[in-house]
Amino acid sequence: MENHQQDKIICSSATCTGCATRCHRQQKAPLSRDEALTILFERVRFDLAKEFVPLSQALGRVTAEPTYAAFSVPPADTAQHDGIMVNWEEVKELLAGGCRVLSENQFRLRVMGSVLEEPFDTVIPLEQVSHLADGRAEIRALPYQGQGIGRAGASIREGERVVPANYRLTPANLAILRFAGVERVPVWKKPKAAVIPVGGDLVGPGCRPGPGQVVEADSILVEGILRECGGEAWTEPVAGDSEELICQAILRALPHCDFLILIGGLGRSGAKYGDYTAQAVEKLGRILAQGMGFGPGGKAMLLGEIQEKCVVGIPAPPHAALTQSEQYLPAIMERFLHCPCYERPEIKARLHTDYQSGVRSGYHPHVALSWTEEGYEIVPVRMGDTVDCFVNATGILIEEAEDRLMKKGEPATVQLLWGEKTVRRRSRQSD
Ligand SMILES: Nc1nc2c(c(=O)[nH]1)N[C@H]1C(S)=C(S)[C@@H](COP(=O)(O)OP(=O)(O)OC[C@H]3O[C@@H](n4cnc5c(N)ncnc54)[C@H](O)[C@@H]3O)O[C@H]1N2
Ligand code: MOO
């Protein structure tokens with residue numbers, strides 16, 4: 001198990017970088033996000049039940065099975081335009097005999113959408129027909145056989161697969177399902193997550209924090225990301241700083257959710273310094289990975305399992321919660337829903353300043369982008385729980401290498417938080 005807390009040689013230094021102890025914490029490379037998720041996905045089940053929902057409630061839901069057309073559309077052969085229905089063989093013979101005039105019983109005037117009538121098999125559009133005063137019709141040329149007919153099932157065939165399984169339903173999908181006679185669709189039940197903030201220093205929403213206190217805000221971030229991915233999430237009361245209180249909160253929430261998110265109490269010094277979350281997870285289940293790659297916050301990130309359910313520990317400093325939640329939670333939701341949850345286009349851009357990646361991991365900070373004549377430039381935002389980081393950032397800088405000084409002007413990968421229209425509109429003025 002890659003759990004640093006179980007290493008035998010471990011120092012108690014608060015700063016775990018480059019010290020002389022050479023403990024296991026320094027010698028082991030942290031797991032990457034993908035390695036940690038692979039361990040989680042191997043050990044924990046991510047099963048969801050199916051449910052049928054009416055089309056009116058199916059937007060954005062993910063299909064659990066393919067859906068098939070209940071009937072053919074159109075249900076019968078129909079005229080594709082206003083015109084006259086004719087029998088093609090009869091018209092051919094008339095024209096061969098040098099006559100272009102049809103008597104009243106040789107055609108029928110019909111509007112678009114009219115069902116084809118025996119013995120007719122072709123529709124000549126009105127624009128190509130002259131009506132004579134005596135009720136007869138004159139045509140100009142021989143149409144091709146079957147011209148102007150929309151065949152039964154030409155749009156949709158009865159039994160045809162309309163939407164495959166594991167497909168997130170769009171408005172267009174709902175329209176074609178309705179057209180094909182499907183009114184209830186099988187979808188995966190939304191993955192349900194209970195969120196438990198941990199910390200005696202937290203005060204509720206709308207409260208003014210006193211010295212040493214902070215408003216509990218990480219849960220609304222986590223809930224929002226989960227909902228954007230198609231999940232259902234709610235926040236439990238804050239758990240105080242003790243193993244027992246955290247265990248009680250976990251056991252209260254666990255029966256009602258598919259997976260559990262704990263926020264905070266994950267400091268690497270553990271219980272010795274008042275952080276009990278990892279200890280509580282170990283007491284009730286097991287830690288599968290802790291202390292993963294890329295900062296901010298990766299050192300405290302935890303994945304575990306309690307009663308066969310996935311447990312995620314998110315570091316609490318808000319910018320760390322932001323970074324880690326955005327990188328882990330959509331991946332977990334994708335595992336539940338078998339379909340992409342959060343797609344961010346990646347671009348290459350040039351660094352406007354030097355950046356230092358994490359000492360024992362990579363770096364995924366939020367950044368602003370500046371749109372210039374030569375393309376995008378990556379401009380830092382003010383880190384931490386700042387408006388700059390939470391509002392003005394338009395991308396995430398992706399650097400996997402550890403302990404690397406990225407130099408000004410160097411190309412780097414950025415995940416865009418929006419499409420380019422928004423990113424350019426919010427383009428940061430760089431100096
Ligand atoms: N001895 C060490 N201490 C710490 C280390 C370390 O390596 N050695 N790493 C630091 C780093 S880096 C991180 S990241 C944090 C991980 O912190 P926790 O997840 O344990 O966070 P807490 O201690 O519970 O809280 C930190 C801070 O965040 C604010 N906070 C907490 N909960 C919320 C919430 N729900 N909403 C908004 N803000 C929240 C609050 O100001 C807390 O004081 O560990 C460091 N320590
Ligand atoms: O891991 Mo933390 O880098 O202070 O947020």
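Numbering of ligands and ligand atoms starts at 1, following listing order.
Ring centroids of His338 and Trp188 are separated by less than 6.0 Å, placing the two rings close together. Between Tyr363 and Phe294, the ring center distance fails the sub-6.0 Å criterion.
For Gly199, the closest heavy-atom approach to ligand 1 does not fall below 4.0 Å. For Ser219, the closest heavy-atom approach to ligand 1 does not fall below 4.0 Å.
Between Ala217 and ligand 1, at least one pair of N/O atoms sits closer than 3.5 Å. Considering both main-chain and side-chain atoms, Ile314 never comes within under 3.5 Å of ligand 1 through any nitrogen or oxygen pair. In terms of N/O distances under 3.5 Å, ligand 1 is approached by Gly267.
With distances taken over non-hydrogen atoms, the option nearest atom 42 (C) of ligand 1 out of Val214, Asp201, Thr277 is Asp201. Across Leu221, Ile220, Leu266, heavy-atom proximity to atom 18 (P) of ligand 1 is greatest for Leu266.
Between the side chain of Thr353 and the main chain of Lys408, no donor-acceptor pair closer than 3.5 Å is present. Of the possible donor and acceptor atoms, one in the side chain of Asp82 sits under 3.5 Å from a partner among the backbone N and O of Met112. At distances below 3.5 Å, at least one donor-acceptor pair connects side-chain atoms of Lys309 with backbone N or O atoms of Leu254. With hydrogens and angles ignored, the 3.5 Å screen pairs no side-chain donor or acceptor of Ser219 with any backbone N or O of Thr235.
Within ligand 1, the atoms closer than 4.0 Å to a non-hydrogen atom of Glu216 are 34 (C), 35 (N), 36 (N), numbered from 1 in the order shown. Those atoms of ligand 1 with a heavy atom of Val215 less than 4.0 angstrom away are 36 (N), 37 (C). Atoms of ligand 1 found under 4.0 Å from any heavy atom of Gly265, numbered from 1 in the order shown, are 18 (P), 19 (O), 20 (O), 21 (O), 22 (P), 24 (O). Shown in contact with Leu202 at under 4.0 Å from a heavy atom are these atoms of ligand 1, numbered in order with element: 31 (C), 32 (N), 33 (C), 34 (C), 35 (N), 39 (C). Close contacts between ligand 1 and Asp275 involve ligand atoms 20 (O), 23 (O) [criterion: under 4.0 Å to a heavy atom]. Listed by number with element, the atoms of ligand 1 under 4.0 angstrom from any heavy atom of Ala300 are 16 (C).
Between Glu51 and Lys190 there is no salt bridge, since no side-chain N of the basic residue sits under 4.0 Å from a carboxylate O of the acidic one.
Taking the six-membered ring where tryptophan is involved, the planes of Phe336 and Phe259 are tilted, since the angle between them lies from 30° to 60°.
Partners of His366 according to the ring pair (Phe, Tyr, Trp, His ring centres under 6.0 Å) rule, which considers only residues two or more places apart in sequence or in another chain, do not exist here.
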